[in-house]
2 protein chains.
Amino acid sequence: MSNTSVSSIRRGDLARATGCNPETIRYYEKIGIMPDPPRSTKGYRSYDDTHVRRLKFVMRSRALGFSLEEVRGLLGLVDNRIQTCAEVQAMAEVHLGEVRAKIADLTRIERVLSETVARCTGDAAPDCAIIDALFDA
Amino acid sequence: MSNTSVSSIRRGDLARATGCNPETIRYYEKIGIMPDPPRSTKGYRSYDDTHVRRLKFVMRSRALGFSLEEVRGLLGLVDNRIQTCAEVQAMAEVHLGEVRAKIADLTRIERVLSETVARCTGDAAPDCAIIDALFDA
DNA sequence: CTAGGGTCTGTAGTTGATACAGGCTCAAGG
DNA sequence: CCTTGAGCCTGTATCAACTACAGACCCTAG
């Protein structure tokens with residue numbers, strides 16, 4: 001009597017359950033991030049809980065900035081095949097380093113840009129401090 | 001006697017003078033960021049100082065994170081046509097806002113990611129704190 | 001005279017999706 | 001019962017911003 005019915009849902013339902021664009025689901029299947037789901041007699045994709053869980057995993061990984069190739073690596077451990085935990089940790093650390101590098105880059109850009117914008121008077125003259133800065137930097 | 005010789009340089013020279021990939025120069029010409037340069041009798045592109053200056057301008061703008069469409073806008077004032085200084089200032093401020101938003105995003109990602117990585121023991125066990133976090137977040 | 005480097009063109013690949021076009025199927029309302 | 005609209009199917013095109021060929025010239029130094 002337990003509610004273990006593996007309720008079969010369609011692509012739109014999976015999209016709504018995860019917040020993922022339906023087209024993106026198809027894309028993930030094409031590149032092998034998501035498995036090819038079983039089909040109904042009429043060819044409709046048929047998903048269940050495992051797909052919801054896996055797609056949410058992918059989306060959280062993406063939200064943390066992992067590339068799809070990195071996600072593929074993470075899933076390698078999930079699928080209990082390729083990766084070990086130590087490898088996952090190493091990958092996450094590399095990724096963390098990249099995130100920090102990006103922050104450093106953008107912070108430098110932010111500083112230069114805000115200084116430049118501050119120097120601009122904003123009137124309609126043909127001279128522009130921003131343009132000058134870009135030319136003479 | 002002044003050295004005003006408009007020395008004609010080739011694509012590779014322009015690339016070396018600016019640090020820009022030669023293929024990228026061709027691309028910028030195709031999309032109209034850089035003008036179609038005059039050609040030698042044999043069809044070789046022929047550049048001068050103005051091209052060096054303009055390409056450096058483009059590259060500095062790109063280095064500050066402006067999109068090519070934004071660079072096109074900036075060049076609109078350089079070319080003394082479309083944009084006013086006030087419009088350039090407004091654009092730069094919008095861009096600055098986007099940069100700050102990206103920094104905020106990445107900082108949040110950095111925090112979550114470093115917390116997650118810290119929780120990982122890094123041994124070879126099939127359990128992995130990183131994977132678990134991505135599943136259960 | 002030939003070997004190498006540079007140049008020319010057009011085209012395809014990259015990442016991570018998103019957006020059609022053209023056709024099928026399905027459920028609800030009249 | 002029929003229509004209408006939503007959803008699904010496929011394949012393909014598009015976006016940013018480049019990068020990387022292939023195949024053909026050309027030019028110069030040894």
Side-chain angles (χ1 to χ4, degrees), chain A residues 8-34 36-48 51 54-75 95 98-99 102 105 109, chain B residues 7-34 36-47 51 54-55 57-75 91 94-95 98-99 102 105-106 109:
Chain A
S8 154
I9 62 175
R10 290 183 305 173
R11 193 170 53 142
D13 299 322
L14 177 58
R16 268 181 295 279
T18 56
C20 186
N21 185 317
E23 297 279 33
T24 304
I25 296 170
R26 194 160 69 98
Y27 172 68
Y28 286 166
E29 287 161 8
K30 199 173 85 186
I31 65 172
I33 288 285
M34 292 290 290
D36 282 350
R39 302 293 185 117
S40 76
T41 47
K42 290 296 175 189
Y44 283 24
R45 287 170 179 79
S46 167
Y47 301 99
D48 60 32
H51 298 97
R54 189 184 181 94
L55 184 51
K56 280 187 177 172
F57 178 94
V58 172
M59 293 180 73
R60 275 194 285 258
S61 304
R62 295 285 303 125
L64 288 180
F66 287 102
S67 72
L68 285 176
E69 280 316 298
E70 287 171 325
V71 173
R72 213 186 285 278
L74 295 172
L75 289 168
H95 177 56
E98 288 165 0
V99 169
K102 265 185 211 161
D105 267 10
I109 288 172
Chain B
S7 57
S8 155
I9 61 174
R10 291 184 302 174
R11 192 170 54 142
D13 300 321
L14 177 57
R16 268 181 295 279
T18 57
C20 186
N21 184 319
E23 296 282 33
T24 304
I25 297 170
R26 194 159 70 99
Y27 171 67
Y28 285 165
E29 286 161 9
K30 200 174 85 183
I31 65 170
I33 288 285
M34 292 292 287
D36 281 350
R39 301 294 183 118
S40 76
T41 46
K42 290 296 177 189
Y44 283 23
R45 288 170 179 79
S46 166
Y47 301 100
H51 298 97
R54 190 184 180 94
L55 183 51
F57 179 94
V58 171
M59 292 180 73
R60 273 194 286 260
S61 304
R62 295 284 303 124
L64 288 180
F66 287 102
S67 71
L68 285 176
E69 279 317 297
E70 287 171 324
V71 173
R72 212 186 284 278
L74 294 172
L75 289 168
M91 202 177 72
V94 168
H95 177 56
E98 288 164 2
V99 169
K102 265 184 210 161
D105 266 10
L106 285 170
I109 288 172

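Everything numeric here is computed off the predicted structure, so don't read it as measured data. Proteins get letters first, then strands, A, B, ... in listed order; numbering begins at 1 in each.
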### Atom pair distance, as rounded to whole Å: CG in B:L64 and C1' in D:dA17
17 Å
### Query
What's the CG-P distance between B:L68 and D:dT19, to the nearest Å?
11 Å
### Query
Over how many whole Å does the gap from B:I9 atom CD1 to C:dT7 atom C1' extend?
15 Å
### Query
Where the side chain of A:E23 is concerned, which of C:dG16, C:dT18, D:dT19 is the nearest nucleotide?
C:dT18
### Message
Under 3.5 Å, is there a donor on one side chain and an acceptor on the other for A:S40 and A:S46?
### Response
no
### Query
Any donor and acceptor pair, going by atom type alone, linking the side chain of A:T24 with main-chain N or O of A:C20 inside 3.5 Å?
no
### Message
Looking at C:dA17, I'd like to know if its phosphate oxygens (OP1 or OP2) sit under 4.0 Å from a side-chain N or O belonging to A:R62.
### Response
yes
### Query
Taking for each residue the nucleotide of DNA chain C bearing the nearest heavy atom, is the 5' side occupied by A:S67 or by B:G12?
B:G12
### Task
Please report, rounded to the nearest Å, how far the P atom of D:dA17 is from the CZ atom of B:R72.
10 Å
### Query
When you measure from the side chain of A:R11, which nucleotide among C:dC8, D:dC9, D:dA17 comes out closest?
D:dC9
### Query
Can you tell me how far P of C:dC24 sits from CZ of A:R39, to the nearest Å?
17 Å
### Query
Does D:dT19 have OP1 or OP2 sitting under 4.0 Å from an N or O in the side chain of B:T24?
yes
### Query
Salt bridge or not for B:E29 and B:R26, using N-O below 4.0 Å?
no
### OP1 or OP2 of D:dC18 under 4.0 Å from side-chain N/O of B:Y28
yes
### Message
What is the separation between atom CG on A:N21 and atom P on D:dG7, rounded to the nearest whole Å?
### Response
13 Å
#### Entry: Upstream residue (5' side of DNA chain D) when A:K42 and B:E69 are each assigned their closest nucleotide
A:K42
### Query
Does any N or O in the side chain of B:R62 come within less than 3.5 Å of the main-chain N or O of B:F66, such that one atom is a donor and the other an acceptor?
yes
## Note on the structure
Of the candidates C:dG6, D:dC8, D:dT10, the side chain of B:R10 sits closest to C:dG6
### Query
Salt-bridged, B:D105 to B:K102, with N to O below 4.0 Å?
no
### Message
If you assign each of B:D13 and A:K30 to its closest nucleotide in DNA chain C, which residue comes earlier from the 5' end?
### Response
B:D13
### Query
For the pair made of CZ in B:R45 and P in D:dC25, what is the distance, rounded to whole Å?
18 Å
### Message
By the 4.0 Å heavy-atom rule, please label B:R26 as base, sugar-phosphate, or nothing.
### Response
base
### Spacing of A:I25 atom CD1 relative to D:dC9 atom C1', expressed in whole Å
14 Å
